[in-house]
Amino acid sequence: MIFLKIILTFLLAGFFSWAVLLLGQGGRRRALAAMILPEFLLSLILASLGLSEVVLGLVLGSALIFFLLLPGAVALRQGRVVCRDEFLLSQLLWAFLSLCLPLVFLLDKSISRREGLVLLSLGCFFLALKNKSGKGGKIFWPKLILGSVFFLLSFSLLATVAGSFSFPSLFAAGFVLLSLPVCLPEIVLFSSLKAKIRFEQFLTPLVLGNTLILGMASFFSPFEVTSFSAYLWAVIFILLAFALFYFFAWSKRKIERFEGVALILFYFLAVLAVFNL
């Protein structure tokens, strides 16, 4: 029965991903907004139910995907991932700092409403900068309407199926199960040979997840980390994932296909380790 649920979850996640990509038709700004939409909507629902610890797992699980599964999938599909000096020396480090801030707030195993407000304000500031520098595009209304209908349908079905799983902790539920479906649009989009946005732009949803998404959840529903061992190991794996990704990218300014395979294998190792804690 558990395997049927897993298969059904991934089928719905694929359906959900296709709907999100339809919503992103019509310009770079709307494509990035569509990638952020699933995580924002899911986190809003979870925070309203007092499940902000699930949001923490979702955000950290997404960070692990951005450092391991996403570049690994792109390298596997396209043969290599080219990493520019600007990306390595500034953009990637700023994204890593945005991840470190909530980790500092969590040193006391909790995030207060005031700390959530700080994260929320930083996320809004970053979003304002992106909107100021971004460019709009033509809106394809039939695809937008079709994507909206299938988005709501697949999202409700996915949330129902996800709620039927039993997990050792709230943190593990977000880290293991929910992070992959909400990041699937980025994986599909960036691994496509016809992708029209640069790989460096995966940092936008990563930064907004670490600030805007987590800040919104903790502002409306402050929380304490009840499964601290799982959280601690997740942080350790994220730090190792960042170091591994940065080493591969810095060594030759690109990530080869065999290095992408190593990143993907390390992702599944991290997920299994956190799930079993």
Side-chain angles (χ1 to χ4, degrees), residues 32-33 35-36 38-40 42-44 46-47 51-68 70-71 86-133 170-172 174-175 178-179 182-183 186 200-246 249 270 274:
L32 292 174
M35 288 189 291
I36 301 167
E39 195 170 2
F40 179 82
L42 182 57
S43 300
L44 187 63
L46 291 171
L51 300 175
S52 294
E53 188 177 357
V54 181
V55 179
L56 175 63
L58 170 63
V59 169
L60 295 186
S62 300
L64 193 71
I65 288 174
F66 285 135
F67 290 137
L68 295 177
L70 180 58
E86 179 187 359
F87 169 70
L88 292 170
L89 296 176
S90 60
Q91 299 178 17
L92 185 60
L93 294 180
W94 278 113
F96 184 70
L97 289 176
S98 73
L99 176 63
C100 290
L101 183 58
L103 298 183
V104 171
F105 287 160
L106 282 162
L107 288 176
D108 60 350
K109 304 181 183 180
S110 65
I111 293 186
S112 64
R113 181 169 281 110
R114 182 179 301 177
E115 293 168 335
L117 181 60
V118 173
L119 294 175
L120 184 60
S121 301
L122 289 175
C124 291
F125 177 73
F126 178 78
L127 191 59
L129 290 179
K130 295 298 295 184
N131 286 335
K132 186 177 180 180
S133 60
L170 294 176
F171 177 83
F175 188 85
L178 298 181
S179 60
V182 299
C183 292
E186 287 96 319
E200 288 90 336
Q201 290 176 303
F202 86 92
L203 296 178
T204 298
L206 174 60
V207 173
L208 290 177
N210 298 333
T211 55
L212 181 69
I213 302 298
L214 185 57
M216 176 198 65
S218 53
F219 176 76
F220 288 111
S221 179
F223 66 96
E224 295 183 1
V225 180
T226 57
S227 53
F228 190 71
S229 60
Y231 162 75
L232 186 60
W233 276 105
V235 171
I236 292 173
F237 277 114
I238 289 173
L239 295 178
L240 291 176
F242 175 79
L244 185 63
F245 170 79
Y246 200 84
V274 173

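Reckoned from all heavy atoms, side chains included, excluding hydrogens, waters and symmetry mates.
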Aromatic contact between Tyr231 and Phe228, with the criterion being ring centroids under 6.0 Å apart: yes or no?
yes

Interatomic distance, CG@Leu60 vs CG@Leu214, rounded to 0.5 Å, equals 7.5 Å

Check for a donor-acceptor pair, side chain of Ser221 on one end and backbone N or O of Ala217 on the other, with a separation under 3.5 Å.
no

Stepwise side-chain hydrogen bond (donor to acceptor under 3.5 Å, both in side chains) check, Ser110 with Glu115
CA-CA 10 Å; Ser110 65; Glu115 293 168 335; 5.5 Å; no

Euclidean distance, Leu56 CG relative to Glu224 CD, rounded to 0.5 Å
12.5 Å

Check this for me: Phe40, atom CZ, are more than 12 non-hydrogen atoms of other residues, nucleotides or ligands nearer than 6.0 Å?
no

So do Cys100 and Phe96 actually touch side chain to side chain, heavy atoms under 4.5 Å?
yes

Phe67 and Leu99: side-chain contact (heavy atoms from CB on, under 4.5 Å), yes or no, with the steps?
CA-CA 12 Å; Phe67 290 137; Leu99 176 63; 4.1 Å; yes

Test side-chain contact (heavy atoms from CB on, under 4.5 Å) applied to Leu64 and Phe175, step by step:
CA-CA 9 Å; Leu64 193 71; Phe175 188 85; 3.7 Å; yes

Between Ser218 (side chain only) and Gly215 (backbone N and O only), is there a donor and an acceptor less than 3.5 Å apart?
yes

Do Leu120 and Thr211 touch side chain to side chain, with heavy atoms closer than 4.5 Å?
no

Which pair of heavy atoms, one from Leu208 and one from Gly123, lies closest together, and at what distance?
CD2-O, 3.7 Å

